[in-house]
Amino acid sequence: MSHHIVEVRNLRHVYPDGTVALRDVSFRITHGESVAIIGANGAGKSTLLLHLNGFLTPTAGEIRIGDYPLTKATLPEIRRTVGMVFQDPDDQLFMPTVYDDVAFGPLNLGLSGTDVEQRVKDALEKVGAGHLQEKPPYNLSGGEKKRVAIATVLSMSPDILVMDEPTDGLDPHARRQLMALLREFSHTRIFTSHDLDMVLELCSRVIILHEGEVRGDGPPLEIFRNDELLARCRLEKPLSMQGCPVCGGKVS
Amino acid sequence: MASIDGALLDFKRLDRLATGDTAIHRLDPRAKVLATLVFVVTVVSFGKYEVTPLVPFLIFPVAMVALGNLPVAYVIKKIALLCPFALVVGIFNPIFDREVLVQIGSLGITGGWLSFASIVMRSILTVGAAIVLVGVTGFPGVCLALERIGMPRVFAVQLLFLYRYIFVLTDEGSRMERARKLRSLGKKMEPGIFGSLVGHLLLRTWQRAERIHMAMLARGFTGEFHTRRDTRFGGRELLFLLGWSTLFIILRFLNLSQLVGSLVTGISP
Ligand SMILES: Nc1ncnc2c1ncn2[C@@H]1O[C@H](COP(=O)(O)OP(=O)(O)OP(=O)(O)O)[C@@H](O)[C@H]1O
Ligand SMILES: [Mg+2]
């Protein structure tokens, strides 16, 4: 798969209880783009991301990753390509120790011995969790869990990184660390976030989701200057684009 | 609930003990699983009234605990936690079976008490061996071994999931219990609320289990087991298995404690 393109066409998802979480979503993300999907609570962001890895099946519409449409046959290959970090890290950690959890993916990829060790060490180092190696995941703090969950995905060296609220629950230092990591990652990145300052800093493109539909799609500055659009979608400007409440200075 | 939760959390510790790095830990899981199977089968094959011949079998769990560097107090506590089930099974024997089988001075021991003691002894041994096995192998290792020995893969995977989901269930349970306590102001739970709580709990467990399964699939899980160590069944494993099996069989057909007893007192049985 040479080009890590993510394409969603007329995606619609209705949950079994009748909730229409996604009405009609279309976009195309090309290789190397860094895209934020933002929107109010319940806008359908998590639902959308779960489709990119085949965990939810579209009620209607189509998803293409790279050159392939997402089907049962291409699923294993697509799951190898797309690394997914869930919103709730408890969903992602299931082995007795942090080490085993991070090693789970590489072992399934068929690596062994020192290769696995190296990958685990690198991944934990990147999220600043090297010292947690031998701890059981269920005894970690919320932010530590989040970092380990991210490491479990990094250790598989995915070509496309998909994260659901990656900075949720991280302390300022860990947040900075993660932002540096995301900036370094040269492949396609897609994440949702309520941390709009991070979005502004990291993304080349922002997609606004509201009530299961795409309401805005463009460069972050353009999107965040559109007050009317933001208000309609229950969003606000990033703090760094609002006037400073302390010194009264006006930016942007 | 809180105490059950605590006990189960404690069981997770068992899994972590398996990350130790002793000679026993390094053995191929198959050797340990097979030796434990032989152990359990021999122990269970003893007659209903036999107690003393079972005593020497303690050497197996004790040796594994010592060599595997497992915390003794912890293992004993875990065995004590599971043994009440055996007590329930055996408790009626002394009532129904009053025939005196052994006479020590003026004290007559009935068959009921003998068989009760035998059941307790056998449960201590088998439960102990199982706990020690998980402690030095880890549950994934045990499943891997079962699969390599010949259990169909689907069963082995199911077993592994079952084990995980017990933890998921208790996690969810303790969270819900905490949430309920916070808002119930110390009141006892009404039956109706209990019912809805249980229903809710099963749904939540099922959903979380499904999400964890997704996470496993996302990381390339295809139903194949991998453990941290890559081991093969070599000479040491063969020695371990044959050594222990031989000992068990000798102990099965030779009443060692009686032999020692008669040597000491000079009376033959
Ligand atoms: N399993 C489910 N069954 C039924 N409805 C669901 C389910 N999961 C989510 N929903 C509903 O679908 C809608 C979209 O949910 P989703 O989780 O995608 O929102 P989100 O944008 O990720 O919100 P947040 O910012 O709070 O994470 C919500 O209205 C939610 O109630
Ligand atoms: Mg969400």
Side-chain angles (χ1 to χ4, degrees), chain A residues 16 46 49-50 52-56 75-114 116-117 120 133-139 149 151-158 162 164, chain B residues 5-6 8-21 134-135 137-144 160-168 170-172 174-175 203-232:
Chain A
S46 299
L49 292 197
L50 286 176
L52 300 183
N53 213 331
F55 293 130
L56 292 178
L75 206 52
E77 182 56 33
I78 282 177
R79 287 194 173 146
R80 193 166 298 203
T81 314
V82 180
M84 169 95 69
V85 179
F86 294 120
Q87 184 162 4
D88 182 353
D90 278 324
D91 292 343
Q92 198 138 15
L93 306 172
F94 48 80
M95 294 294 278
T97 67
V98 166
Y99 183 99
D100 287 313
D101 227 317
V102 181
F104 184 85
L107 283 172
N108 283 330
L109 290 181
L111 301 175
S112 60
T114 46
V116 174
E117 223 166 278
V120 173
Q133 252 198 77
E134 291 306 326
K135 283 196 128 197
Y138 50 87
N139 279 351
T152 63
V153 170
L154 291 179
S155 69
M156 297 189 67
S157 327
V162 177
D164 203 348
Chain B
D5 180 45
L8 266 148
L9 248 185
D10 222 25
F11 264 109
K12 291 185 180 172
R13 186 170 160 209
L14 196 57
D15 243 357
R16 239 165 352 114
L17 291 175
T19 59
D21 194 29
V134 176
T137 315
F139 206 78
V142 172
C143 292
L144 175 77
L160 184 68
F161 281 167
L162 190 69
Y163 181 74
R164 281 279 156 256
Y165 292 164
I166 291 173
F167 291 144
V168 174
T170 50
D171 271 359
E172 289 293 340
S174 62
R175 266 184 237 200
L203 272 178
R204 268 168 69 155
T205 302
W206 174 58
Q207 280 190 342
R208 184 170 288 273
E210 195 156 77
R211 288 199 298 269
I212 290 178
H213 188 222
M214 293 196 306
M216 295 175 92
L217 292 179
R219 287 196 266 146
F221 182 72
T222 51
E224 207 160 320
F225 291 101
H226 300 281
T227 47
R228 207 192 279 202
R229 278 186 211 92
D230 249 341
T231 50
R232 24 173 241 103

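Order of the sequence lines sets the chain letters (A, B, ...), proteins ahead of strands, with each chain counted from 1. These values consider heavy atoms only, across backbone and side chains, with no hydrogens, waters or symmetry-generated copies.
Looking at A/Asn53, the atoms closer than 4.5 Å to chain B (heavy atoms on both sides) all sit in the side chain, from C-beta outward. If you measure heavy-atom distances from A/Ser155 to chain B, you find no contacts under 4.5 Å at all. Residue A/Pro76 does not touch chain B at all, counting heavy-atom pairs closer than 4.5 Å. For a residue to count as touching a neighbouring chain, one of its non-hydrogen atoms must lie under 4.5 Å from one of that chain's; by this rule A/Met156 touches chain B with the side chain only. Within the 4.5 angstrom heavy-atom criterion, only side-chain atoms of A/Leu50, from C-beta onward, approach chain B.
Rounding to the nearest 0.5 Å places CD of A/Gln92 at 9.5 Å from CE of B/Met214. Rounded to the nearest 0.5 Å, atoms CZ (B/Arg175) and CG (A/Asp90) are 4.5 Å apart.
Listed by sequence position, B/Arg208, B/Arg211, B/Ile212 are the residues of residues 205-213 of chain B in contact with chain A, using a 4.5 angstrom heavy-atom cutoff.
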Working for side chain to side chain contact (heavy atoms under 4.5 Å, CB included), residues A/Asp100 and B/Thr19: CA-CA 9 Å; A/Asp100 287 313; B/Thr19 59; 3.9 Å; yes

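Nearest heavy atoms, B/Arg16 versus A/Thr97: CG-CG2, 3.8 Å. When all heavy atoms are compared, the tightest approach of A/Phe94 to B/Met216 is CZ-CG, 3.3 Å. Closest non-hydrogen pair, A/Phe55 versus B/Leu217, comes out as CE2-CB, 4.5 Å.
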